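Bear in mind that the values here come from a model prediction, so they are computed numbers and not experimental data. Note that these values count all heavy atoms, side chains included, but never hydrogens, waters or copies made by symmetry.
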Amino acid sequence: MTLQRGADVGLRALLTLIFVAAGGAKLLGVSMMVDIFETIGWGQWFRYVTALVELGAAALLWVPGLNVLGAALLLATMLCGALFHLLILGPSAVPALILAAFCAAVIYVQRAQIEPLAARFMARS
């Protein structure tokens, strides 16, 4: 296993553990998660949607040919999370930005998947 492949698998494993835990906490209604989404002010439906995106994207990290899609969904989720922290929640967006960087690293390593994946989606429209 090359260093790049090992780093890719390690990052995907780390992201999977983090996002399964975070998504599970949201679905289970852990009070901290409920409070965060209450502070955001969009209603608890947004907590459920976020949880499903996190869990689904974490699963996609392990589907051959769709790893980059899972990482891109998680990257978008973390960038939105960072914005919510900066604009509404405080105190720090740093954890979300670190996770976004990890997602970007997976996208970079799996960048060969982008063109075929985009072609598949474009062929359907």
Side-chain angles (χ1 to χ4, degrees):
M1 183 179 295
T2 67
L3 181 61
Q4 183 174 339
R5 176 85 175 123
D8 172 52
V9 170
L11 276 174
R12 288 188 291 135
L14 177 64
L15 289 170
T16 300
L17 291 171
I18 290 168
F19 284 103
V20 166
K26 288 175 183 74
L27 282 181
L28 293 172
V30 171
S31 63
M32 182 181 89
M33 295 297 179
V34 172
D35 294 344
I36 287 171
F37 283 85
E38 193 64 36
T39 302
I40 290 171
W42 290 5
Q44 293 300 311
W45 67 270
F46 187 53
R47 173 173 54 93
Y48 291 111
V49 169
T50 302
L52 294 175
V53 168
E54 290 174 343
L55 293 170
L60 287 174
L61 290 174
W62 300 99
V63 177
L66 297 178
N67 314 124
V68 74
L69 179 59
L73 287 169
L74 292 174
L75 173 63
T77 302
M78 287 300 91
L79 292 176
C80 289
L83 282 174
F84 278 117
H85 276 279
L86 290 170
L87 301 175
I88 299 171
L89 299 168
S92 175
V94 172
L97 292 172
I98 290 170
L99 289 174
F102 289 166
C103 294
V106 171
I107 292 168
Y108 178 76
V109 171
Q110 298 289 343
R111 66 191 177 278
Q113 293 178 9
I114 295 172
E115 190 175 331
L117 190 59
R120 279 177 44 193
F121 281 109
M122 296 305 254
R124 292 182 183 187
S125 48

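- Partners of Thr50 by side chain to side chain contact (heavy atoms under 4.5 Å, CB included), not counting sequence neighbours, listed by chain and number: Lys26, Phe37, Phe46, Glu54, Thr77.
- Scanning for side chain to side chain contact (heavy atoms under 4.5 Å, CB included) contacts around Ala105 gives Leu11, with sequence neighbours left out.
- Side-chain heavy atoms closer than 4.5 Å link hydrophobic residues (I, L, V, M, F, W, Y) into clusters, and following such links, possibly through other members, connects Ile40 to Trp45.
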Give every donor-acceptor pair under 3.5 Å between a side-chain atom in residues 80-92 and any protein atom, sequence neighbours left out.
unit_1, atom_1, unit_2, atom_2, d
His85, ND1, Gly90, O, 3.1
Ser92, OG, Val94, N, 3.1

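- Under the salt bridge (Lys or Arg N to Asp or Glu O under 4.0 Å) criterion, no residue pair touches residues 72-93, with sequence neighbours excluded.
- By the ring pair (Phe, Tyr, Trp, His ring centres under 6.0 Å) test, Phe102 is found to be paired with no residue, residues two or more places apart in sequence or in another chain being considered.
- Considering every non-hydrogen atom in both Leu27 and Ala51, the closest pair reads CG-CB, 3.6 Å.
- Within the structure, salt bridge (Lys or Arg N to Asp or Glu O under 4.0 Å) pairs that include any residue of residues 93-117 do not occur (at least two apart or interchain).
- Residues satisfying the side-chain hydrogen bond (donor to acceptor under 3.5 Å, both in side chains) test with Gln44, not counting sequence neighbours, are Glu38, Arg47.
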Take Leu97 and Met78 through the side-chain contact (heavy atoms from CB on, under 4.5 Å) test and state the conclusion after the steps.
CA-CA 7 Å; Leu97 292 172; Met78 287 300 91; over 6 Å; no

Result block: side-chain N/O donor-acceptor pairs under 3.5 angstrom for residues 57-75, not counting sequence neighbours:
unit_1, atom_1, unit_2, atom_2, d
Trp62, NE1, Thr16, OG1, 2.6
Asn67, OD1, Gln113, NE2, 2.7
Asn67, ND2, Leu61, O, 2.6
Asn67, ND2, Val63, O, 3.2

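- Cluster membership check: Leu55 does not share its hydrophobic cluster with Val106, using side-chain heavy-atom separations under 4.5 Å among Ile, Leu, Val, Met, Phe, Trp and Tyr.
- No path of Ile, Leu, Val, Met, Phe, Trp and Tyr side chains, each step under 4.5 Å between heavy atoms, connects Leu52 with Val49, placing them in separate hydrophobic clusters.
- For Leu17, there are no side chain to side chain contact (heavy atoms under 4.5 Å, CB included) partners two or more places apart in sequence or in a different chain.
- Hydrophobic clustering (side-chain heavy atoms under 4.5 Å, transitive across Ile, Leu, Val, Met, Phe, Trp, Tyr) groups Val53 together with Trp42.
- Under the salt bridge (Lys or Arg N to Asp or Glu O under 4.0 Å) criterion, no residue pair touches residues 99-108, with sequence neighbours excluded.
- Sorted by first and then second residue, the ring pair (Phe, Tyr, Trp, His ring centres under 6.0 Å) pairs with a member in residues 4-24 form an empty list; sequence neighbours excluded.
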